[in-house]
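Input: a single structure, listed below in structure tokens.
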Protein chains: 2
Amino acid sequence: MPRVSEEYRAARRREIADAALRAVRRKGFQAASMADIIAESGMSAGAIYGYFAGKSEIVHEVAGGIVGGRLDDVERLAATDPMPPPSEVVRVLMQGMLEDLGETGILVQMWGEAVTDPALRALATDVLGRLRGAYAQYLSLWHQREHGLAPDEALALGVDQAPLFLAASQAFVVQSALLDDFDAEVYLARVTRHLPR
Amino acid sequence: MPRVSEEYRAARRREIADAALRAVRRKGFQAASMADIIAESGMSAGAIYGYFAGKSEIVHEVAGGIVGGRLDDVERLAATDPMPPPSEVVRVLMQGMLEDLGETGILVQMWGEAVTDPALRALATDVLGRLRGAYAQYLSLWHQREHGLAPDEALALGVDQAPLFLAASQAFVVQSALLDDFDAEVYLARVTRHLPR
DNA sequence: GTCTATACCAGGATAGAC
DNA sequence: GTCTATCCTGGTATAGAC
């Protein structure tokens, strides 16, 4: 298989996935039809089916792209310097997410789909697990640096506290998607004030 | 309109809604088809369309039933005696929910649908708002009783802390629906340990 | 490789008999 | 009021020409 053709193929798949993402943003995760994706991409049905086996394959690609960006952010978190304090770390992550996604409804829809779609579920499980792990690692480092805890103590505390930070992030997503009067700043102020330090 | 007929009609609608709930539990919120509901109810298509204008009306009725039970629990929370401590209150609520619903996936699916369905969204907004209010009221009372705060101080603190308790509840729902290895007890232990007292 | 046209299917809703 | 049979729409996927 010639090298150029492989690259072309990958670029084309990417192009289709990007178009699908735009369609999904406009119409919703499951309401976006192949016709929408076709129109958005400017390509034809036949062309698209040359690169993807079907709609679900496209949807999974899109979902992977959405959470892939999140994972990068998350795993960069523990490496940031200067390290943001725990009260800020949820804010930083949520702001990055909003910049990247525009809004959070698409994530809530993904979660809903994931309940019945095994592939999406596996994706969500993986990402949530990694997010929790990244929080734990960040918190562990923070407690070492700021409170002088020994590494093992700090890690135990981090693992223990991480679920609450994960909860604050997930609830941000849900509330920002569903509450008309949701105010990100008020939410972050109230929640971070009561997170452990 | 004769009285008996009205009651009959209401009972029939209820019967259909119950059947729909069973279908939704088995198949998922949007995957459940009219054929499923028809089969589950033992009635015929024609009969059902005599009581509901269409599938979406049935779905909205089902959703209302699901969250209606939640609201009762929630508003009973502040009136409980003896009052459970903050570390227990999330647990109590989540256990009630699990008993009533069996699992939480159905709620996550509802949230996902609510992103694009205005009626479901209104329902979700209402319930989340009330849940937050009930937490605030409970916390206010708690701080008055246990810490001897003045009512206005206690209420301010309650309003301030409520979003974090709401977050803990929402995240319980999401994680329990999506993480294969989710352990309710471990989650509750970790989260409640770090909630404010 | 890509297009157009179309086959095919699932699912919601209705018509008309009883 | 209720049932059966059927219509119709919308949506995915494919066939065949270029």
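So you know, we letter chains A, B, ... as the sequences are listed, proteins then strands, and number each from 1.
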message: Would B/Leu128 and A/Leu179 count as a side-chain contact (heavy atoms from CB on, under 4.5 Å) here? Give the steps.
response: CA-CA 8 Å; B/Leu128 293 183; A/Leu179 298 180; 3.9 Å; yes
Output the rounded distance in Å from [atom1] ([X]) to [atom2] ([N]).
X	N	atom1	atom2	result
A/Ile48	D/dA15	CD1	P	18 Å
A/Arg13	C/dT2	CZ	P	14 Å
B/Ile38	D/dC3	CD1	P	10 Å
B/Glu15	D/dG1	CD	C1'	13 Å
B/Glu57	C/dG12	CD	P	15 Å
B/Met43	D/dC3	CE	C1'	11 Å
B/Tyr8	D/dT2	OH	C1'	9 Å
A/Gln30	D/dT12	CD	C1'	15 Å

Exercise. Determine whether the side chains of A/Ser176 and A/Tyr187 contain a donor N or O and an acceptor N or O closer than 3.5 Å.
Key: no
Sugar-phosphate, base or nothing in reach of [X], heavy atoms under 4.0 Å:
X	result
B/Tyr51	sugar-phosphate
B/Gly50	nothing
B/Ser44	base

With under 30° as parallel and over 60° as perpendicular, where do the rings of B/Tyr135 and B/Phe165 fit, or are they tilted in between?
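The arrangement is tilted - the two ring planes meet at 30° to 60°.
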* Residue B/Arg12, side-chain heavy atoms: nucleotide from D/dT2, D/dA13, C/dG11 that is nearest ->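 Nearest to the side-chain atoms of B/Arg12, counting from C-beta on, is D/dT2.
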Looking only at C/dT14, C/dT2, D/dT14, the nucleotide nearest the B/Tyr49 side chain is C/dT14
Mind checking the CD1-CE spacing from A/Ile16 to A/Met43? Nearest 0.5 Å is all I need.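 Result: 4.0 Å between the selected atoms.
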